[in-house]
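Take a look at the structure below.
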Amino acid sequence: ALAAASAALAQQYPSKPVTIIVPFSAGGPTDKVARDLAEALRGPLKSTIVIENVAGAGGTLGAAKVAKAAPDGHTLLLHHIGMATSPALYRNLTFKPVEDFEYLGLVNEVPMTIVGKPGLPANNWAELQKWLQANQGKVNLAHAGLGAASHLCGLLFQQSLKMEMTTVPYKGTGPAMTDLMGGQVDLMCDQTTNTSAQIASGKVKAYAVTTLKPLATPALSKLPTLDASGLKGFNVTIWHGLYAPKGTPKAVVDQVNAALKTALKDPGFIKREEELGAVVTADARVNPAEHKKFVEGEIAKWTPVIKAAGQYAD
Ligand code: MLT
C-alpha cells in the first residue's frame, strides 16, 4: 500500500513549484550554485523552481527549516560542507544532518581563495605575511557565521598562521564581499564562485588558494597554494549537495536524483561552474548512497578538527 501511495505521489510530482532553500543570503556562493543549478534542473524536473534564501546561524536556520518541511519533494535544501561541520559547532543543533534528510546527490566542489580589501598594502603572499605580522591583533576577517565555509577556512587559516584575528560574521559572503570591497574588513577566505569575478576585475586583492594544486582558471592560475606557501597541508574544498526532508517518498527521491543527474550533464551548467573554478561531481557519485556516505565521512573528518579549535556557536 505504501509503495502504491508512493508511486501515486510520484506520478503527480511535482504538483506545484519546487522551492530550493539556500541557507545563506542572496548574492553569495551558495546562492550562485543554487541559481545556476535551478536553471539546469527546471527542464529535467518539469517544474518551476523558486530559490528561497533563509540565512542566519551559519546556514543552520535554513537547514533546520527544510528538516521540518513537508516531506513531499516540493521543499529542497542546497547546502554545503556546513552540513558536516554544524554538529561539532552547535551543541543544540535542531536537526540531525544524517537522520533528518533524504540525500538527493552531490552537486559540485568549489575551491577557496584568500582575498583582501583593495587598500590592503600587500600585493602577494610574502607581503601579506609581513603585513599580518606588523598588524597582529588588529586584523579583521569576514565570514558567514559558524557553520559557513568561510568560517571553517578562516578558523584553519588562523590556526595555521598561529594568529588570532577579529572575526566579523555576515549572513553570507555576498554581503561580506561588499564590505571587503568597501574596505570595512581586511580579509576573507571565500569560494571562487564568489571571488573569481572580483579578483579578475581587481576589486579585491587575492593571495592564495586553499587547494593542494593551483587552479586552472585564468584569474586564479597565478595564485600560489597555501600548502606551497608555508601552510603545509592546508587543503579545503567546499562541496554542495541537494537534500529533501526525511520521509520524502523514495519514488520522489529517485525522480529528483534522476533530474539532478541530467542537470549536472547540462553543458551550460558545466561551463558556468568551470568558469568559476568549480568542478561538477562525477555522475557515478551523484546518488543518495554515495552522497550520504560522503557526508558521514566529512562529519568524521571535521568534528575532531573543530572540537580541537574549541569554538562553539552555542
Ligand atoms: C560560506 O562561507 O559558507 C558562504 O559564504 C555561504 C554563502 O554566503 O553562500
Side-chain angles (χ1 to χ4, degrees), residues 20-38 51-66 76-90 93 97 106-116 140-158 165 167-181 184-185 187-199 204 206 209-211 236-243 272-273 276-278 295 298-299 302 305-306 309 311 313:
I20 298 181
I21 302 268
V22 171
F24 292 96
S25 45
T30 313
D31 189 62
K32 179 94 187 86
V33 170
R35 289 175 197 276
D36 284 351
L37 178 65
I51 302 289
E52 184 184 341
N53 300 85
V54 178
T60 56
L61 293 187
K65 177 168 182 170
V66 175
L76 307 179
L77 170 69
L78 190 279
H79 200 359
H80 61 29
I81 199 169
M83 278 295 256
T85 59
S86 301
L89 289 163
Y90 291 81
L93 200 59
L106 289 164
V107 173
N108 70 3
E109 295 197 350
V110 188
M112 301 189 88
T113 48
I114 303 294
V115 287
N140 52 50
L141 177 90
H143 63 75
L146 273 71
S150 46
H151 169 265
L152 175 69
C153 180
L155 193 63
L156 299 172
F157 188 55
Q158 293 172 80
M165 298 174 187
T167 58
V168 184
Y170 290 80
K171 288 194 180 304
T173 49
M177 178 60 83
T178 304
D179 271 10
L180 186 71
M181 291 190 288
Q184 274 76 30
V185 284
L187 285 175
M188 178 159 71
C189 180
D190 194 16
Q191 297 167 72
T192 56
T193 33
N194 196 37
T195 61
S196 299
Q198 318 303 0
I199 293 170
V204 295
V209 296
T210 62
T211 43
V236 177
T237 297
I238 304 309
W239 44 270
H240 294 79
L242 198 62
Y243 306 84
R272 260 192 303 285
E273 290 294 289
L276 295 172
V295 173
E298 286 285 290
I299 292 173
W302 290 110
V305 173
I306 289 167
Q311 268 212 9

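One is the number of the first residue; the rest follow in order along the sequence. Counting convention: from 1, in listed order, for ligands and their atoms alike.
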All ring-ring contact (aromatic ring centres under 6.0 Å, His included) counterparts of W239, not counting sequence neighbours: F294

Going by side chain to side chain donor-acceptor pair (under 3.5 Å), D31 matches just one of T173, N53, N194, T193. Which one? N53

Kindly compute the distance separating CE (M188) from OH (Y170), expressed to the nearest 0.5 Å. 8.5 Å

Report each N/O pair between ligand 1 and the protein that falls under 3.5 Å, naming both atoms.
from: ligand 1; atom 1: 2 (O); to: A149; atom 2: N; distance (Å): 3.4
from: ligand 1; atom 1: 2 (O); to: S150; atom 2: N; distance (Å): 2.8
from: ligand 1; atom 1: 2 (O); to: S150; atom 2: OG; distance (Å): 2.5
from: ligand 1; atom 1: 3 (O); to: H80; atom 2: NE2; distance (Å): 2.6
from: ligand 1; atom 1: 3 (O); to: A149; atom 2: N; distance (Å): 2.7
from: ligand 1; atom 1: 5 (O); to: T173; atom 2: N; distance (Å): 3.3
from: ligand 1; atom 1: 5 (O); to: T173; atom 2: OG1; distance (Å): 2.5
from: ligand 1; atom 1: 8 (O); to: T173; atom 2: N; distance (Å): 2.8
from: ligand 1; atom 1: 9 (O); to: P29; atom 2: N; distance (Å): 3.4
from: ligand 1; atom 1: 9 (O); to: T30; atom 2: N; distance (Å): 2.8
from: ligand 1; atom 1: 9 (O); to: T30; atom 2: OG1; distance (Å): 2.6

Taking only distance into account, with no hydrogens and no angle test, what donor-acceptor pairs under 3.5 Å do side-chain atoms of residues 150-158 form with protein atoms, sequence neighbours excluded?
from: S150; atom 1: OG; to: A144; atom 2: N; distance (Å): 2.9
from: H151; atom 1: NE2; to: Q311; atom 2: OE1; distance (Å): 2.9
from: Q158; atom 1: OE1; to: M165; atom 2: N; distance (Å): 2.8
from: Q158; atom 1: NE2; to: G154; atom 2: O; distance (Å): 3.2

Residues at least two apart in sequence or cross-chain that pass side-chain hydrogen bond (donor to acceptor under 3.5 Å, both in side chains) with E109, listed by chain then number, are none

Sidechain-backbone polar pair: Y90 side chain, A57 backbone, donor-acceptor under 3.5 Å: yes

